[in-house]
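All figures in this text were calculated on a predicted structure; none of them were measured in a lab.
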Amino acid sequence: MNSPDPRAGQTSAAQSDILIVDDTPDNLRLLSAILSRHQLSVRKALTGQWAITAAQAAPPDLILLDIKMPEMSGYEVCRRLKADPATRAVPVIFISALDDAIDKVKAFAAGGADYITKPFQEAEVLARIAHQLELRRLQRQLVDQNQELLRSNRELEQFASVVSHDLQQPLQSILGYAKLITMAYPTIQQSPAQPYLESITAAGDRMQQMIQDWLTYAQVGQAQPELTPLDGNRLLQQALLNLRVAIAEAGAELTYGELPTVLGSAGQLVQLLQNLIGNALKFTPQGTVPQINLTVEAEVEGAVWRFGVHDNGIGIAPEHLGQIFESFHRLHDAQTYAGSGIGLATCQKIVECHGGRIWVESQLGQGSTFYFTLPAAPLSKTACVSSPVAKYT
C-alpha cells in the first residue's frame, strides 16, 4: 500500500516546510529521513528556545513537537508559539512517548492540532501531516479569498460612489430643461405634450432618488464611523423633520417615549431612523392611517439599547423575511411601491458598522416590527425611565 502523500494540495516546496523539534538527535534523524523521502522541506531544532527562534524567523507550515525536553517542555513551546501573532496559525503536532489521556489533554489545551504517540508508524505520521498541511492550505486560501473580497467590495463601493456623483449632473440638466420648457411655453400645459413632460419629470425624480440611495449605500462602510455620545431624541427629531412632508401627506401618527443616549455617527443614525420610519409610511395600505410606534429597551445589562419600529402596514410573508435586507431586492414592483430596493440594505450596513444587529418580525396583513441594537453611551447604561408618550402627526 502506498503511503499518503503529505504534499497533496501543495503548490510549491515552500508550502511544505516542516520544523521538527526533539532533544534526541536520533529521533530528529529518523523523522527527517522519513519526510525527506517524500520531498518535504525539513528544519530541525534540539531545544524549545531554538525552535521558537527558528519559527519566528521563518514560520513553517507545520511543527512536529516533542514534549519531554530539558529547559522548556513542548507544552510551553506550543503556548509561546500560539501567543505570538507571527506563529499563531502554524499547526503543531505533538509527537511523544507519553500516552496518558491527561498528557494528550494538556497538549490540546496548549494549542496542539494533533497528537502522535511514540513509537509511531510511518504511514500514520505521513497521514496526519498530510491532513494538517491540507487544512493549512485551505486556511491560507480562505484568508486570501477574504482579502480579495474586501478589496473587491471597496472597489465596488468606490465605483458606486463615483458613478452616483457623475450621474447627478446630467440628470439635473434633464430635469432643469424640462422645467424650462414648461416655463418658456406655458401653453404646453394644455397641449398633448404635457403628459410626456410630466413623465420625464417623474422618471427623473425617481432616478434622482435612486442615485441618492445608491450613494448613501456606497458611502456607508467605506470608513469605520467615529462613535460619539448622541442624544437619541435629537436624532429622531431630525429624522422626523426630514420626513415631515411624507408624514403630513400620509396623515401618519407616530408615538415614542424618551430616547436614550447612544454611541454612533449622527448622520448615519438619522439615516437609519429615516429609512425605517419612511418604510413604515410607504408600506401602509391605501385608506389606512399609518400608525408607527418607536420603542426602546435596555439589553446586556444596559450596555446595549434595543430599538423597535412598529407599524400597521401590509406586513411581510414568512418566506420573504430572510431576503428583505438584500441589496436591490424588491418584494413589490416600483409602480405599486416606489423605491430603489436598497433602503433596508443600507440600514443593515449602518447597524453593523455600529456593532449592532437588525432583524424583523412580521405577519402578512398585520404590520411589521423592525428591531435594531446600538451601543449605549457610558453614562446612559440604565433602563429608560418611563415618561409621557409623545405623538407626532
With the threshold set at 4.0 Å, does a side-chain nitrogen-carboxylate oxygen contact exist between E122 and R37?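 Looking at E122 and R37, the cut-off is met.
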Is R79 paired with E76 through a side-chain N to carboxylate O contact shorter than 4.0 Å?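 Here E76 pairs with R79 in a salt bridge, since their nearest N and O are under 4.0 Å apart.
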Pairwise side-chain contact, [X] with [Y], heavy-atom cut-off 4.5 Å (strictly under):
X    : Y    : answer
N27  : K118 : yes
F120 : S96  : no
L149 : Q145 : no
I95  : L31  : yes
L230 : T228 : yes
D99  : K104 : yes
P229 : L263 : yes
Y115 : D103 : yes

If every non-hydrogen atom of [X] is compared with every non-hydrogen atom of [Y], which pair is closest and at what distance?
X    : Y    : answer
T201 : A178 : OG1-CB, 4.1 Å
K82  : V90  : NZ-O, 2.7 Å
M69  : V21  : SD-CG1, 3.8 Å
S265 : L227 : N-CD2, 4.2 Å
S368 : V360 : CB-CG2, 4.3 Å
G264 : L269 : CA-CD1, 3.9 Å

ILVMFWY cluster, [X] and [Y] together (side-chain gap under 4.5 Å):
X    : Y    : result
L62  : I67  : no
V42  : I52  : no
V125 : V92  : no
V77  : I20  : no
L133 : I116 : yes

Can you check side chain to side chain donor-acceptor pair (under 3.5 Å) on N233 and Q237, steps first, answer last? CA-CA 6 Å; N233 300 290; Q237 290 305 315; over 6 Å; no
Check the angle between the aromatic planes of Y371 and W359 and answer parallel, tilted or perpendicular using the 30° and 60° thresholds.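 Geometry flag for W359 against Y371: parallel rings.
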With under 30° as parallel and over 60° as perpendicular, where do the rings of F94 and Y75 fit, or are they tilted in between?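 Aromatic pair F94/Y75 classed tilted.
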List the steps and the verdict of side-chain contact (heavy atoms from CB on, under 4.5 Å) for I181 and I188. CA-CA 8 Å; I181 291 173; I188 202 171; 3.8 Å; yes
Going from OG1 on T295 to NE2 on H310, what distance comes out if it is rounded to the nearest 0.5 angstrom?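 So the OG1 of T295 and the NE2 of H310 are separated by 3.0 Å.
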[Y] versus [X], side-chain donor and acceptor atoms under 3.5 Å:
X    : Y    : answer
E198 : Q194 : yes
T261 : D231 : no
Q238 : N242 : yes
Q291 : D311 : no

When you measure from the side chain of N312 to the backbone N and O of V289, does any donor-acceptor pair fall under 3.5 Å?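 Checked: pair present.
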Identify the residue among L64, D61, I63 that makes a side-chain contact (heavy atoms from CB on, under 4.5 Å) with I18.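 Going through L64, D61, I63 one by one, the side-chain contact (heavy atoms from CB on, under 4.5 Å) with I18 is satisfied by L64 alone.
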With side-chain contact (heavy atoms from CB on, under 4.5 Å) as the criterion, how do V296 and Y256 come out once you've worked through the C-alpha distance, each side chain's angles and the decisive distance to 0.1 Å? CA-CA 9 Å; V296 62; Y256 51 91; over 6 Å; no
